[in-house]
Number of protein chains: 2
Amino acid sequence: MTRRGADAASKAPAPRKPAGRPRDARLQEHLGYVMKRVYSQIHSDAMRVLEPLGLRVSTYSALAVIADNPGLRQSQIAEELSIERSNAVLIIDALEEPGWITRNRVPTDRRSYALEATLAGRQVLERATEALKAHEARFFAGVEPAALDQFAETLQQIARSAEEGEENP
Amino acid sequence: MTRRGADAASKAPAPRKPAGRPRDARLQEHLGYVMKRVYSQIHSDAMRVLEPLGLRVSTYSALAVIADNPGLRQSQIAEELSIERSNAVLIIDALEEPGWITRNRVPTDRRSYALEATLAGRQVLERATEALKAHEARFFAGVEPAALDQFAETLQQIARSAEEGEENP
DNA sequence: TATAATTGTTATGACGCATATCAATCATGG
DNA sequence: CCATGATTGATATGCGTCATAACAATTATA
């Protein structure tokens with residue numbers, strides 16, 4: 001028994017890529033769609049670059065914020081990276097286990113930890129940052145530097161505008 | 001027994017947001033990081049907009065490609081959206097179940113289905129496209145139109161450049 | 001002093017991605 | 001013509017990123 005529709009459809013071979021209108025033309029009109037495609041590529045490339053160092057995109061981000069701002073609390077890391085506190089716990093666990101950061105009790109507030117990067121953590125962070133920067137240089141190599149600068153500037157504006165929108169709904 | 005580091009850390013209150021260097025300054029230097037933040041916002045907004053229509057971002061994308069290109073096969077949908085065939089099966093299932101698309105057997109190739117959107121599918125697609133466009137208009141409202149046009153142009157260049165990189169590694 | 005809020009934790013599920021494997025079917029080459 | 005390779009769709013499963021819910025311990029507030 002066929003599970004799907006009865007034989008009824010096209011008798012022609014599968015439509016090939018036409019010379020005219022691309023198949024995702026409607027989607028290409030959404031800036032979000034194009035951004036998603038580009039970001040997906042960047043993300044999977046970044047995972048590949050970070051994997052030999054034992055890092056992922058999310059743990060790299062957290063390590064960067066911790067290393068550059070010693071003493072922050074977990075809830076502040078979560079806020080900075082726009083993630084839930086519960087997810088920050090797991091990410092920080094993944095940084096503590098290999099000895100890249102320490103959770104230090106705060107005498108004045110026994111609920112909290114002051115987070116710090118260790119020497120090993122700072123070292124792996126520097127290597128990861130260099131590796132990611134090299135990847136980005138390759139990834140964006142096909143784009144005019146002036147156009148890329150303008151792109152980055154507008155992206156920052158969009159990001160700021162979006163954050164303001166979040167705070168004043 | 002404390003599970004984490006012994007009491008040893010900061011005696012000061014949790015560091016507040018400084019007036020100077022932002023805490024994610026290192027991350028802000030990565031275009032990918034800023035794109036991820038913007039895209040995450042767009043994605044969660046889009047999910048919220050699509051949810052009342054019974055759609056998700058991924059099913060909306062597939063429905064758009066199917067509706068605009070009747071007769072495509074599942075593997076072509078997967079290729080067009082840069083997703084795995086196995087994941088395309090689940091997405092197409094989610095469109096077939098509410099009656100938005102049909103899987104039609106192909107007499108000349110009994111392995112394949114020719115996919116088509118139904119009237120209901122085309123109708124929900126139009127509503128979804130309108131809702132998403134309205135959201136995007138609001139989301140990008142704080143950015144100069146000329147700057148946004150330039151941004152979109154460069155984003156397309158980046159996307160093309162990245163795809164060429166995939167095909168010629 | 002009671003209550004509200006905060007911090008961190010654990011559990012869990014949704015979603016989007018990936019790989020592996022398989023059966024049925026079609027294409028290809030000898 | 002037949003064996004083999006390739007394709008199509010399906011199922012199972014795991015990983016990573018997201019979310020919510022609930023809770024205990026602790027601090028802040030009224």
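A, B, ... follow the sequence lines: proteins, then strands. Residue 1 opens every chain.
A straight line from CG of B:Leu115 to C1' of D:dG9 spans 11 Å, rounded to a whole angstrom. Here D:dG9 presents its C1' atom at 9 Å from CD1 of B:Ile92, a figure rounded to the nearest Å. Summarising the geometry, the separation between CG on B:Asp93 and P on D:dT11 is reported as 7 Å, rounded to the nearest angstrom. Between A:Leu81 atom CG and D:dC18 atom C1' there is a gap of 14 Å when expressed in whole angstrom units. In this structure, the CD atom of B:Gln74 is 13 Å from the C1' atom of D:dT11, given to the nearest Å. Regarding A:Leu90, its CG atom lies at a distance of 13 Å from the C1' atom of D:dC15, rounded to whole Å. To the nearest angstrom, P of C:dA11 lies 18 Å from CD of A:Glu84. Distance CZ (B:Arg105) to P (C:dC26): 10 Å, rounded to an integer number of Å.
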After noting the C-alpha distance and the side-chain angles of B:Arg105 and B:Tyr113, does the key distance pass the side chain to side chain donor-acceptor pair (under 3.5 Å) rule?
CA-CA 5 Å; B:Arg105 282 290 180 186; B:Tyr113 297 106; 3.2 Å; yes
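Taking 4.0 Å as the cut-off between side-chain N and carboxylate O, B:Glu29 and A:Lys133 count as a salt-bridged pair. Classification of B:Arg23 and A:Glu79 as a salt-bridged pair fails, no side-chain N sitting under 4.0 Å from a carboxylate O. At a threshold of 4.0 Å, the pair B:Arg122-B:Asp68 does not count as salt-bridged, since none of the basic side-chain nitrogens sits closer than that to a carboxylate oxygen.
Each of D:dG16, C:dC15, C:dT10 was ranked by its minimum atom distance to the side chain of B:Met47; first place goes to C:dC15. When the nucleotides C:dT7, D:dT17, D:dT20 are ranked by their closest atom to the side chain of A:His43, D:dT17 comes out on top. Taking only side-chain atoms of B:Arg85, from C-beta outward, the nucleotide of D:dG9, D:dG16, C:dA18 with the closest atom is D:dG9. When distances are taken from the side chain of A:Ser58 to each of C:dT6, D:dT17, C:dG8, the shortest belongs to D:dT17. Side-chain proximity of B:Ser40 to the nucleotides C:dT7, D:dC18, C:dC17 is greatest for D:dC18. Residue B:Lys36 places its side chain closer to D:dC18 than to any other of D:dC18, D:dA19, C:dT25.
Within the 6.0 Å centre-distance limit, the rings of B:His30 and A:Tyr60 are counted as a close aromatic pair.
Residue B:Asn87 is classed as a base contact, given a heavy-atom separation below 4.0 Å to a base. As judged by a 4.0 angstrom heavy-atom cut-off over every strand, B:Ser44 is placed among residues making no nucleic acid contact.
Side-chain nitrogen and oxygen atoms of A:Arg56 include at least one within less than 4.0 Å of the OP1 or OP2 phosphate oxygen of D:dT17. An OP1 or OP2 oxygen of D:dT8 is reached within less than 4.0 angstrom by no side-chain nitrogen or oxygen of B:Ser112.
Shown here is A:Glu144, whose CD atom has no more than 12 heavy atoms of other residues, nucleotides or ligands within 6.0 Å.
Between the base of D:dT8 and the side chain of B:Arg73 there is no donor-acceptor pair shorter than 3.5 Å. Contact annotation: side chain of A:Arg111 to base of C:dT6, donor-acceptor pair present below 3.5 Å.
When each of B:Asp109 and B:Ser86 is assigned the nucleotide of DNA chain C with its nearest heavy atom, B:Ser86 is the one assigned upstream, toward the 5' end.
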